[in-house]
Amino acid sequence: QALVLSPGGADILYNLAVVEMESGSLSVALSRARATVALKPDQPDNWNLLGAVYARMGRRPEAAEALRRALALDPSLEEARKNLQAVTRR
């Protein structure tokens with residue numbers, strides 16, 4: 001809880017979520033990615049991360065929704081566009 005309340009807490013949670021996602025701890029990564037979105041919902045990178053975690057979990061509808069939110073906030077976010085294409089491809 002102190003981490004969430006501290007200045008820069010969302011950025012720290014974002015970085016921890018990336019580490020957890022890359023190490024395969026997807027449930028922890030999801031929790032942290034959700035927290036970053038709750039703290040800073042206006043940051044497209046947070047939505048992109050949430051979408052990437054959902055995608056790794058195989059939760060394609062949730063991933064697509066989060067990635068569309070990222071692109072609504074920043075249509076030029078190429079990483080989100082690529083991630084969305086990957087989860088909607090089939």
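We number each residue from 1, following the sequence as shown. Only heavy atoms go into these numbers, but all of them, side chains included; no hydrogens, no water, no symmetry mates. Computed from a prediction, not measured in an experiment: that's the story for all the values here.
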All side-chain hydrogen bond (donor to acceptor under 3.5 Å, both in side chains) counterparts of Ser31, not counting sequence neighbours: none
Can you tell me how far the CD atom of Glu65 sits from the CZ atom of Arg60, to the nearest 0.5 Å? 15.5 Å
Applying side chain to side chain contact (heavy atoms under 4.5 Å, CB included), name anything that partners Ser27, two or more places apart in sequence or on another chain. none
Would you give the length of the straight line joining atom OG1 of Thr36 to atom CD1 of Ile12, rounded to the nearest 0.5 angstrom? 12.5 Å
Pairs involving residues 67-87, ordered by first then second residue, that meet salt bridge (charged side-chain N to carboxylate O under 4.0 Å, His left out) (sequence neighbours left out): none
Can you name the closest pair of heavy atoms from Gly51 and Ala63 and give their distance? O-CB, 3.3 Å
Output every pair passing salt bridge (charged side-chain N to carboxylate O under 4.0 Å, His left out) with a member in residues 10-32, not counting sequence neighbours, ordered by first then second residue. Asp11-Lys40, Glu20-Arg32, Glu22-Arg56
Asn83: partners by side-chain hydrogen bond (donor to acceptor under 3.5 Å, both in side chains), with sequence neighbours left out: Asn48
For the student: nearest non-hydrogen atoms of Ala17 and Ala29, plus distance: O-CB, 3.5 Å
Going by the rule side-chain hydrogen bond (donor to acceptor under 3.5 Å, both in side chains), which residues pair with Gln85 if we only count those two or more places apart in sequence or in a different chain? none
Considering only Ile, Leu, Val, Met, Phe, Trp and Tyr, and joining two whenever side-chain heavy atoms are under 4.5 Å apart, list the other residues clustered with Tyr54. Tyr14, Val18, Met21, Leu26, Leu30, Val37, Trp47, Leu49, Leu50, Val53, Met57, Leu73
